[in-house]
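Inspection log for the structure reproduced underneath, given as structure tokens.
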Amino acid sequence: MIKSFRHKGIQQFFETGSKAGIAAEHGAKLARQLMLLNAVKSPLEMDVAGWKLHQLKGELAEHWAVKVNGNWLLTFTIEGEDAILVDYQDYH
């Protein structure tokens, strides 16, 4: 279950469906990713074809990411069985 967000736009999109804080063209894919993230108990359950699940490195070594589009990623970490620190970022 998603317990916390770092990005207010992605939180608003998840809670209300408002695309005001995200790129509108990412809405459909983000909706699928967030729905699955809200149900998983392990980051490996986010390993969907085309999403390119990977663990980040360095300071963010505890975080995982799935590709949204281009440089845009949905990042998160898992605490117990909950997703926390869910973020939506343009990662160069």
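Heavy atoms only: backbone and side chains are in, while hydrogens, waters and symmetry mates are out. All figures in this text were calculated on a predicted structure; none of them were measured in a lab.
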For residues [X] and [Y], report the shortest heavy-atom separation together with the two atoms involved.
X: F76; Y: M46; value: CZ-CG, 3.8 Å
X: G21; Y: H7; value: O-CE1, 3.3 Å
X: G27; Y: I22; value: CA-CD1, 4.0 Å
X: E62; Y: Q55; value: CA-NE2, 4.4 Å
X: V68; Y: Q33; value: CG2-OE1, 3.4 Å

For the [atom1] atom of [X] and the [atom2] atom of [Y], what is their distance to the nearest 0.5 Å?
X: K3; Y: N38; atom1: NZ; atom2: CG; result: 9.5 Å
X: D90; Y: N71; atom1: CG; atom2: CG; result: 5.0 Å
X: E45; Y: L53; atom1: CD; atom2: CG; result: 11.0 Å

Note, [X] side chain near [Y] side chain (heavy atom, < 4.5 Å):
X: L44; Y: W64; result: yes
X: I10; Y: L30; result: yes
X: R6; Y: V86; result: no
X: V66; Y: T75; result: no
X: L74; Y: L34; result: yes

[X], [Y]: one ILVMFWY side-chain cluster at the under-4.5 Å cut-off?
X: M35; Y: M1; answer: no
X: I78; Y: V48; answer: yes
X: L56; Y: L37; answer: no
X: L60; Y: W72; answer: no
X: L85; Y: F14; answer: no

May I ask you to check whether over 12 heavy atoms, not counting those of [X], lie within 6.0 Å of atom [atom1]?
X: E15; atom1: CD; value: yes
X: E79; atom1: CD; value: no
X: E25; atom1: CD; value: yes

> Just by distance, do the side chain of Y88 and the backbone of K8 share a donor-acceptor pair under 3.5 Å?
Replying inline: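 No, Y88 side chain to K8 backbone: no donor-acceptor pair under 3.5 Å.
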> Okay, side chain of Q12, backbone of G17: is any donor-acceptor separation there less than 3.5 Å?
Replying inline: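 Such a contact is absent between Q12 side chain and G17 backbone.
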